[in-house]
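Just dropping this structure here.
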Amino acid sequence: MNRLTIPLTTALALALAACAPSTDDTDPVAEAQAEAAAAVAAAAAEDTFAPADEFLVRLAEHCGQAFAGRIIANEPATDEPDAFEGQDLVMHVRGCDDPTRELQVPFHVGDNHSRTWILTRTDDGLRLKHDHRLEDGSDDPTTMYGGDTVEPGTAQRQVFPVDQESIDMFNARDGLSVSTTNAWAMEIEPGQRFLYELARPADELNPEGRLFQVEFDLTQPVETPPTPWGY
């Protein structure tokens, strides 16, 4: 793994200062950030941070907070109704009990609270899974798809090519074979922006390719959304 760098040390110090509990001990955001900061500090002491760890650190700085997003790419355009266009889009950083190992980020689309992104530290990098639930909390027929990073990536951007488990799931469901070439990505600039991306290359399955991006404004937290379905 890469050794801890001076810039990261500085960033961690700033994160710890920013995440210190407020005078209001009942503030759930301050409490979540303080717990995340403590876990990050313990991991940093091991002096073995890789880009995957740095990425989680940056996201953990926002534990307990929610942010509004906007679609910046949704191609190709179709005549079919789109589930995301015209909806309030909100991400919420939660599941911070062990933020150096896993973070949960529900992605709320209007009144639909079915989606949660789960980021997990693996031996080699990061894993992204999409936990989809029905309104009663049970699993959606298509859930827990995603992939593992195959490149180190950077502290700012991580890419998750579709894994074989997800390919098998997509092939088994009508109309989802186009997703077998998916690659997801996430980008973060703490206190500035977070980006979620789905991309497919143009090929025989997808003659026009696919690019979907949602950018979230991290400069202005918004009201915490409802608990995602099933949680």
Side-chain angles (χ1 to χ4, degrees), residues 28 32 35-36 39 52 55-56 58-60 62-69 71 82-84 87-150 153 158-173 175-188 194-200 210 212-216 222 224-231:
E35 291 176 357
F55 188 89
L56 284 180
R58 288 173 168 226
L59 187 55
H62 296 287
C63 278
Q65 295 180 313
F67 304 95
I71 296 172
D82 188 276
F84 301 94
Q87 300 289 336
D88 290 331
L89 307 177
V90 177
M91 64 174 280
H92 179 203
V93 185
R94 52 172 287 165
C96 298
D97 292 341
D98 191 359
T100 62
R101 302 303 304 176
E102 181 178 289
L103 291 171
Q104 299 168 4
V105 185
F107 175 35
H108 302 269
V109 180
D111 294 328
N112 186 304
H113 311 296
S114 65
R115 302 170 177 86
T116 299
W117 302 321
I118 301 177
L119 277 169
T120 305
R121 183 67 164 95
T122 67
D123 290 341
D124 300 317
L126 288 176
R127 173 172 297 141
L128 169 65
K129 288 291 185 176
H130 297 72
D131 185 356
H132 281 204
R133 304 292 184 95
L134 302 177
E135 192 166 1
D136 64 3
S138 61
D139 287 345
D140 187 277
T142 304
T143 189
M144 296 308 288
Y145 57 83
D148 291 10
T149 55
V150 295
Q158 294 286 319
V159 180
F160 309 87
V162 63
D163 59 25
Q164 189 59 51
E165 179 183 29
S166 303
I167 291 173
D168 293 342
M169 180 189 304
F170 292 144
N171 279 329
R173 298 192 60 80
L176 293 184
S177 59
V178 294
S179 299
T180 57
T181 59
N182 280 3
W184 298 273
M186 290 181 166
E187 296 181 4
I188 184 166
F194 180 88
L195 178 79
Y196 169 84
E197 174 183 295
L198 163 64
R200 297 180 193 134
R210 177 77 169 114
F212 177 75
Q213 294 177 321
V214 182
E215 184 178 67
F216 297 87
V222 299
T224 303
T227 302
W229 297 339
Y231 284 78

Beyond-backbone contact of T142 with L176, side-chain heavy atoms, under 4.5 angstrom: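 Yes - at least one pair of side-chain heavy atoms lies under 4.5 Å apart.
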
Ring centres under 6.0 angstrom apart (H130, F107):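 Between H130 and F107, the centre distance exceeds or equals 6.0 Å.
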
Whether T180 side chain and I167 backbone form a donor-acceptor pair below 3.5 Å: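 Not a single qualifying donor-acceptor pair exists.
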
Those residues that, when tested against R133, pass salt bridge (Lys or Arg N to Asp or Glu O under 4.0 Å) (two or more places apart):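 By the salt bridge (Lys or Arg N to Asp or Glu O under 4.0 Å) rule, R133 matches D131, D139.
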
Can you find a pair of side-chain heavy atoms, one from F55 and one from L103, that are under 4.5 Å apart?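 A side-chain contact under 4.5 Å is absent here.
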
Working to the nearest 0.5 angstrom, can you tell me the gap between L119 CG and F160 CZ?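 Separation between the atoms: 5.0 Å.
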
Sub-4.5 Å side-chain heavy-atom contact between I71 and F84: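 They are in contact (side-chain heavy atoms under 4.5 Å apart), so the answer is yes.
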
D136 and S138: side-chain donor and acceptor closer than 3.5 Å?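 There is such a pair (donor and acceptor under 3.5 Å, judged by atom type) between the side chains of D136 and S138.
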
Please walk me through it: do M91 and Y196 pass side chain to side chain contact (heavy atoms under 4.5 Å, CB included)? CA-CA 10 Å; M91 64 174 280; Y196 169 84; over 6 Å; no

How far apart are the closest heavy atoms of V159 and P161, and which atoms are they?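 Closest heavy-atom pair between V159 and P161: O-CD, 3.5 Å.
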
Measure the spacing between CD of Q104 and CD1 of I118 and express it to the nearest 0.5 Å.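 Spacing of CD (Q104) from CD1 (I118) equals 5.5 Å.
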
For A60 versus P99, what's the shortest heavy-atom pair and its separation?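 Nearest heavy atoms, A60 then P99: CB-CB, 3.9 Å.
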
Compare all side-chain heavy atoms of T224 with those of H92 and state whether any distance is below 4.5 angstrom.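 With C-beta onward as the side chain, the pair touches.
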
Are F67 and H62 an aromatic pair, judged by ring center distance below 6.0 Å?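 Yes: the rings meet the under 6.0 Å criterion.
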
Which pair of non-hydrogen atoms, one from F170 and one from V162, has the smallest distance, and what is that distance?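 Heavy atoms of F170 and V162 come nearest at CE1-CG2, 4.1 Å.
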
Is any side-chain heavy atom of V93 closer than 4.5 Å to one of Q65?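 Of all side-chain heavy-atom pairs linking V93 with Q65, none is under 4.5 Å.
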
Quick check: does any side chain N or O of T149 sit under 3.5 Å from a backbone N or O of L126, one acting as donor and the other as acceptor?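 Pair found, side chain donor or acceptor close to backbone of L126.
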
Kindly compute the distance separating CD (E187) from CZ (F194), expressed to the nearest 0.5 Å.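 Spacing of CD (E187) from CZ (F194) equals 9.5 Å.
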
Between CG of N112 and NE2 of H132, what distance do you get to the nearest 0.5 Å?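 If I round to the nearest 0.5 Å, the distance is 8.5 Å.
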
Can you tell me how far CD of Q164 sits from CG of D148, rounded to the nearest 0.5 angstrom?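 Between D148 CG and Q164 CD, I get 12.5 Å after rounding to 0.5 Å.
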
Taking all heavy atoms of P228 and all of P106, pick out the closest pair and write down the distance.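 What the structure gives for the nearest pair is CG-CG, 3.6 Å.
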
When rounded to the nearest 0.5 angstrom, what distance separates CG in N182 from OG in S166?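 Going from the CG atom of N182 to the OG atom of S166 covers 8.5 Å.
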
Can you find a heavy atom in the side chain of T116 that is under 4.5 Å from one in the side chain of V105?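 Heavy-atom side-chain distance check fails, nothing below 4.5 Å.
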
N171, CG atom: more than 12 neighbouring heavy atoms under 6.0 Å: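 Check passes, neighbour count above 12.
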
Starting from the C-alpha separation in whole Å, work towards a yes-or-no answer on side chain to side chain contact (heavy atoms under 4.5 Å, CB included) for I188 and Q158. CA-CA 9 Å; I188 184 166; Q158 294 286 319; over 6 Å; no

Side chain to side chain, L59 and M186, heavy atoms closer than 4.5 Å: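 Contact flag for L59/M186 side chains = no.
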
Taking the inter-plane angle between the rings of W229 and H113 on a 0 to 90° scale, is it parallel (under 30°), tilted (30 to 60°) or perpendicular (over 60°)?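 Answer is perpendicular, since the angle exceeds 60°.
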
Which atom pair, heavy atoms only, marks the closest approach of T100 to R121?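 So the two residues come closest at O-CB, 3.7 Å.
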
Short N-O contact, K129 and D163, less than 4.0 angstrom: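 A salt bridge is present here (some side-chain N lies under 4.0 Å from a carboxylate O).
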
How far apart are the closest heavy atoms of M169 and T143, and which atoms are they?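 Answer, listing the atom of M169 first, then T143: CE-O, 2.9 Å.
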
Run the side-chain hydrogen bond (donor to acceptor under 3.5 Å, both in side chains) test on D124 and T122 for me, step by step, so that the C-alpha distance in whole Å, both residues' side-chain angles and the decisive distance to 0.1 Å come before the verdict. CA-CA 5 Å; D124 300 317; T122 67; 5.5 Å; no

